[in-house]
Amino acid sequence: MELIGEITTDRPLLVLAVKEEAQFLDTDLPILLTGMGKVNAAISLATVLGRGPRPSGVVNLGTAGALRPGWTGTHVVGTVLQHDLDSELLATLTGETFGEPLTLPDGGDVILATGDAFISDEAARARLAARAPLVDMEGYALATAAGLAGVPIRIVKHVSDEAGDGAARTWRESVADCARALADWAEAHTPYRS
(Lines give C-alpha, C1' and ligand atoms only; values in the text may rest on other atoms or scores of the structure.)
Protein backbone atom coordinates (compact mmCIF):
# COMPACT_ATOMS: atom_id res chain seq x y z
CA MET A 1 0.00 0.00 0.00
CA GLU A 2 1.25 3.45 -0.91
CA LEU A 3 -0.61 6.72 -0.43
CA ILE A 4 0.65 9.60 -2.56
CA GLY A 5 -0.57 13.02 -1.50
CA GLU A 6 -2.98 14.06 1.22
CA ILE A 7 -6.62 13.05 1.51
CA THR A 8 -9.03 15.92 2.14
CA THR A 9 -12.81 15.92 2.49
CA ASP A 10 -13.34 18.13 -0.56
CA ARG A 11 -11.57 15.98 -3.17
CA PRO A 12 -11.84 12.40 -4.43
CA LEU A 13 -9.21 9.75 -3.84
CA LEU A 14 -7.89 7.96 -6.93
CA VAL A 15 -7.32 4.26 -6.22
CA LEU A 16 -5.30 1.95 -8.46
CA ALA A 17 -3.75 -1.45 -7.92
CA VAL A 18 -0.20 -0.88 -9.20
CA LYS A 19 2.16 1.89 -10.24
CA GLU A 20 2.09 0.72 -13.87
CA GLU A 21 -1.59 1.71 -14.07
CA ALA A 22 -0.86 5.10 -12.45
CA GLN A 23 2.26 6.00 -14.42
CA PHE A 24 0.71 8.90 -16.37
CA LEU A 25 -1.35 10.48 -13.60
CA ASP A 26 -0.12 14.03 -13.14
CA THR A 27 -2.64 15.38 -10.69
CA ASP A 28 -3.04 17.18 -7.39
CA LEU A 29 -5.52 14.51 -6.27
CA PRO A 30 -4.35 11.93 -3.74
CA ILE A 31 -3.54 8.49 -5.17
CA LEU A 32 -3.69 5.18 -3.32
CA LEU A 33 -1.82 2.19 -4.76
CA THR A 34 -3.30 -0.91 -3.13
CA GLY A 35 -1.42 -3.81 -4.67
CA MET A 36 -3.17 -6.53 -6.67
CA GLY A 37 -6.06 -8.64 -5.44
CA LYS A 38 -9.14 -8.32 -3.28
CA VAL A 39 -7.38 -8.56 0.09
CA ASN A 40 -4.80 -5.87 -0.72
CA ALA A 41 -7.51 -3.62 -2.19
CA ALA A 42 -9.92 -3.97 0.74
CA ILE A 43 -7.29 -3.59 3.46
CA SER A 44 -5.60 -0.60 1.83
CA LEU A 45 -8.80 1.36 1.22
CA ALA A 46 -10.31 0.45 4.60
CA THR A 47 -7.10 1.56 6.31
CA VAL A 48 -7.01 5.03 4.74
CA LEU A 49 -10.76 5.55 5.13
CA GLY A 50 -10.57 4.45 8.76
CA ARG A 51 -7.74 6.85 9.57
CA GLY A 52 -9.59 9.84 8.17
CA PRO A 53 -10.17 12.32 6.84
CA ARG A 54 -12.43 10.69 4.30
CA PRO A 55 -12.37 11.87 0.68
CA SER A 56 -15.46 13.21 -1.10
CA GLY A 57 -15.45 9.99 -3.10
CA VAL A 58 -13.30 7.17 -4.40
CA VAL A 59 -12.46 6.70 -8.07
CA ASN A 60 -11.01 3.29 -8.85
CA LEU A 61 -9.04 3.44 -12.09
CA GLY A 62 -7.60 0.24 -13.48
CA THR A 63 -7.25 -2.34 -16.18
CA ALA A 64 -9.70 -5.13 -16.92
CA GLY A 65 -9.82 -8.17 -19.12
CA ALA A 66 -12.52 -8.43 -21.78
CA LEU A 67 -14.56 -11.60 -21.38
CA ARG A 68 -16.64 -11.04 -24.52
CA PRO A 69 -15.52 -10.27 -28.08
CA GLY A 70 -15.45 -6.63 -29.14
CA TRP A 71 -15.01 -5.08 -25.70
CA THR A 72 -12.34 -2.38 -25.84
CA GLY A 73 -11.80 1.09 -24.44
CA THR A 74 -12.73 2.72 -21.12
CA HIS A 75 -15.89 1.81 -19.20
CA VAL A 76 -17.64 3.15 -16.11
CA VAL A 77 -18.92 0.16 -14.15
CA GLY A 78 -22.55 -0.02 -12.98
CA THR A 79 -22.54 -3.40 -11.22
CA VAL A 80 -19.72 -5.38 -9.68
CA LEU A 81 -19.81 -8.99 -8.55
CA GLN A 82 -17.42 -11.55 -7.07
CA HIS A 83 -16.79 -14.43 -9.41
CA ASP A 84 -14.71 -16.53 -7.03
CA LEU A 85 -17.08 -16.68 -4.05
CA ASP A 86 -19.64 -19.49 -4.20
CA SER A 87 -22.55 -17.51 -2.73
CA GLU A 88 -25.12 -20.18 -3.57
CA LEU A 89 -23.24 -22.92 -1.71
CA LEU A 90 -22.63 -20.66 1.29
CA ALA A 91 -26.34 -19.81 1.40
CA THR A 92 -27.24 -23.50 1.55
CA LEU A 93 -24.78 -24.00 4.40
CA THR A 94 -25.61 -20.92 6.49
CA GLY A 95 -29.01 -19.72 5.33
CA GLU A 96 -27.43 -16.31 4.64
CA THR A 97 -26.35 -14.71 1.40
CA PHE A 98 -22.80 -13.38 1.19
CA GLY A 99 -21.22 -11.37 -1.59
CA GLU A 100 -24.30 -10.14 -3.43
CA PRO A 101 -23.61 -8.09 -6.60
CA LEU A 102 -23.29 -4.38 -5.84
CA THR A 103 -24.93 -1.67 -7.93
CA LEU A 104 -22.97 1.56 -8.15
CA PRO A 105 -25.08 4.73 -8.25
CA ASP A 106 -22.92 6.65 -10.75
CA GLY A 107 -22.27 3.68 -13.03
CA GLY A 108 -23.70 2.61 -16.31
CA ASP A 109 -24.89 -0.80 -17.40
CA VAL A 110 -21.46 -2.45 -17.50
CA ILE A 111 -20.98 -5.45 -15.18
CA LEU A 112 -17.52 -6.16 -13.76
CA ALA A 113 -16.60 -9.56 -12.30
CA THR A 114 -13.91 -9.40 -9.59
CA GLY A 115 -11.80 -12.27 -8.34
CA ASP A 116 -8.30 -13.10 -7.20
CA ALA A 117 -7.56 -15.28 -10.21
CA PHE A 118 -5.91 -13.65 -13.23
CA ILE A 119 -8.08 -15.02 -16.03
CA SER A 120 -5.74 -16.36 -18.69
CA ASP A 121 -7.42 -19.45 -20.11
CA GLU A 122 -10.32 -19.88 -22.50
CA ALA A 123 -12.44 -22.12 -20.26
CA ALA A 124 -12.45 -19.65 -17.37
CA ARG A 125 -13.09 -16.79 -19.77
CA ALA A 126 -16.10 -18.52 -21.34
CA ARG A 127 -17.55 -19.41 -17.92
CA LEU A 128 -17.29 -15.81 -16.68
CA ALA A 129 -18.53 -14.25 -19.93
CA ALA A 130 -22.01 -15.55 -19.10
CA ARG A 131 -22.04 -13.28 -16.04
CA ALA A 132 -20.10 -10.16 -17.08
CA PRO A 133 -18.25 -8.59 -20.01
CA LEU A 134 -15.23 -7.44 -17.93
CA VAL A 135 -13.06 -8.95 -15.20
CA ASP A 136 -10.60 -7.47 -12.70
CA MET A 137 -9.02 -8.29 -9.34
CA GLU A 138 -9.97 -5.34 -7.07
CA GLY A 139 -13.28 -3.67 -7.97
CA TYR A 140 -15.68 -5.61 -5.74
CA ALA A 141 -13.41 -5.30 -2.70
CA LEU A 142 -13.03 -1.55 -3.19
CA ALA A 143 -16.78 -1.08 -3.67
CA THR A 144 -17.44 -3.04 -0.48
CA ALA A 145 -14.90 -1.09 1.59
CA ALA A 146 -16.13 2.28 0.29
CA GLY A 147 -19.77 1.30 0.80
CA LEU A 148 -19.20 0.21 4.41
CA ALA A 149 -17.47 3.54 5.07
CA GLY A 150 -20.29 5.51 3.44
CA VAL A 151 -18.02 6.94 0.74
CA PRO A 152 -19.31 7.00 -2.86
CA ILE A 153 -17.25 5.11 -5.43
CA ARG A 154 -16.91 5.08 -9.20
CA ILE A 155 -15.13 2.20 -10.89
CA VAL A 156 -13.52 2.97 -14.25
CA LYS A 157 -11.77 0.21 -16.19
CA HIS A 158 -9.79 0.25 -19.42
CA VAL A 159 -9.61 -3.03 -21.32
CA SER A 160 -6.04 -4.34 -21.38
CA ASP A 161 -6.47 -7.86 -22.74
CA GLU A 162 -8.98 -10.51 -23.74
CA ALA A 163 -8.72 -12.53 -20.49
CA GLY A 164 -7.80 -15.71 -22.32
CA ASP A 165 -4.66 -17.44 -23.52
CA GLY A 166 -1.80 -14.93 -23.57
CA ALA A 167 -3.55 -12.39 -21.30
CA ALA A 168 -0.53 -11.96 -19.01
CA ARG A 169 1.73 -11.11 -21.96
CA THR A 170 -0.89 -8.80 -23.44
CA TRP A 171 -1.35 -6.95 -20.12
CA ARG A 172 2.39 -6.26 -19.86
CA GLU A 173 2.43 -5.00 -23.44
CA SER A 174 -0.67 -2.82 -23.13
CA VAL A 175 -0.53 -1.44 -19.58
CA ALA A 176 1.24 1.79 -20.62
CA ASP A 177 -1.46 2.58 -23.21
CA CYS A 178 -4.13 1.72 -20.64
CA ALA A 179 -2.49 3.99 -18.07
CA ARG A 180 -2.52 6.86 -20.59
CA ALA A 181 -6.24 6.31 -21.30
CA LEU A 182 -7.05 6.16 -17.57
CA ALA A 183 -5.12 9.39 -16.92
CA ASP A 184 -6.99 11.06 -19.78
CA TRP A 185 -10.33 9.88 -18.33
CA ALA A 186 -9.39 11.17 -14.85
CA GLU A 187 -8.35 14.56 -16.25
CA ALA A 188 -11.67 14.90 -18.11
CA HIS A 189 -13.95 13.62 -15.31
CA THR A 190 -12.41 14.60 -11.95
CA PRO A 191 -11.15 17.84 -10.35
CA TYR A 192 -7.73 16.77 -11.62
CA ARG A 193 -5.79 19.91 -10.67
CA SER A 194 -6.31 22.53 -7.96
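The pair Asp28-Arg11 does not count as a salt bridge, with every side-chain nitrogen at least 4.0 angstrom from each carboxylate oxygen. Of the charged side-chain nitrogens involved, none lies within less than 4.0 Å of a carboxylate oxygen, so that Lys19 and Glu2 do not count as a salt-bridged pair.
One distance of note links CG of Leu13 with CG of Leu29; it measures 9.0 Å at 0.5 Å rounding. Atoms CG and CG, on Leu142 and Leu102 in that order, are 11.5 Å from each other to the nearest 0.5 Å. Here the straight-line distance linking atom CZ of Arg68 with atom CZ of Arg125 works out to 11.0 Å at 0.5 Å rounding. Ile155 contributes atom CD1, which lies 10.0 Å from atom CD of Glu138 (distance to the nearest 0.5 angstrom).
Counting only heavy atoms from C-beta outward, the side chains of Thr34 and Leu16 never approach each other to under 4.5 Å. Side-chain contact between Val77 and Lys157 is present, with at least one heavy-atom pair separated by less than 4.5 Å. Residues Val76 and Trp185 have side chains in contact (heavy-atom distance under 4.5 Å, counting atoms from C-beta outward). Using a 4.5 Å heavy-atom threshold, the side chains of Val80 and Ile111 count as separate. Inter-residue side-chain proximity for Ile4 and Leu33 is flagged as met; some heavy-atom pair is nearer than 4.5 Å. The shortest distance between side-chain heavy atoms of Thr79 and Leu104 does not fall below 4.5 Å.
Annotation: ring pair (Phe, Tyr, Trp, His ring centres under 6.0 Å) contacts involving residues 27-75, sequence neighbours excluded, comprise Trp71-His75.
With a 6.0 Å radius and a threshold of 12 heavy atoms from other residues, nucleotides or ligands, Asp10 has its CG atom above the threshold.
The minimum heavy-atom distance linking Phe24 with Ala183 is given by the pair O-CB, 3.6 Å. When all heavy atoms of Ala145 and Leu45 are compared, the closest pair comes out as CB-CD2, 4.1 Å. The minimum heavy-atom distance linking Met1 with Thr47 is given by the pair CE-CG2, 4.1 Å. When all heavy atoms are compared, the tightest approach of Pro152 to Ser56 is CG-O, 3.5 Å.
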### Task
Please lay out, stage by stage, how Leu14 and Thr27 fare under the test side chain to side chain contact (heavy atoms under 4.5 Å, CB included).
CA-CA 10 Å; Leu14 302 181; Thr27 180; 4.1 Å; yes
### Task
Decide side-chain hydrogen bond (donor to acceptor under 3.5 Å, both in side chains) for Thr114 and Gln82; before the verdict, give the C-alpha distance in whole Å, the side-chain angles of both, and the deciding distance to 0.1 Å.
CA-CA 5 Å; Thr114 297; Gln82 286 187 91; over 6 Å; no
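Listed by chain and residue number, Leu49, Arg54, Pro55, Val58, Ala149 satisfy the side-chain contact (heavy atoms from CB on, under 4.5 Å) test with Val151 (two or more places apart in sequence, or in another chain). Every residue two or more places apart in sequence or in another chain was checked for a salt bridge (Lys or Arg N to Asp or Glu O under 4.0 Å) with Glu20, and none qualifies.
In this structure, the side chain of Asp136 does not engage the main chain of Ala64 through any donor-acceptor pair within 3.5 Å. Judged purely by atom type and a 3.5 angstrom limit, Arg193 uses its side chain to pair as donor or acceptor with the backbone of Asp26.
A donor-acceptor pair shorter than 3.5 Å can be found between the side chains of His158 and Thr74.
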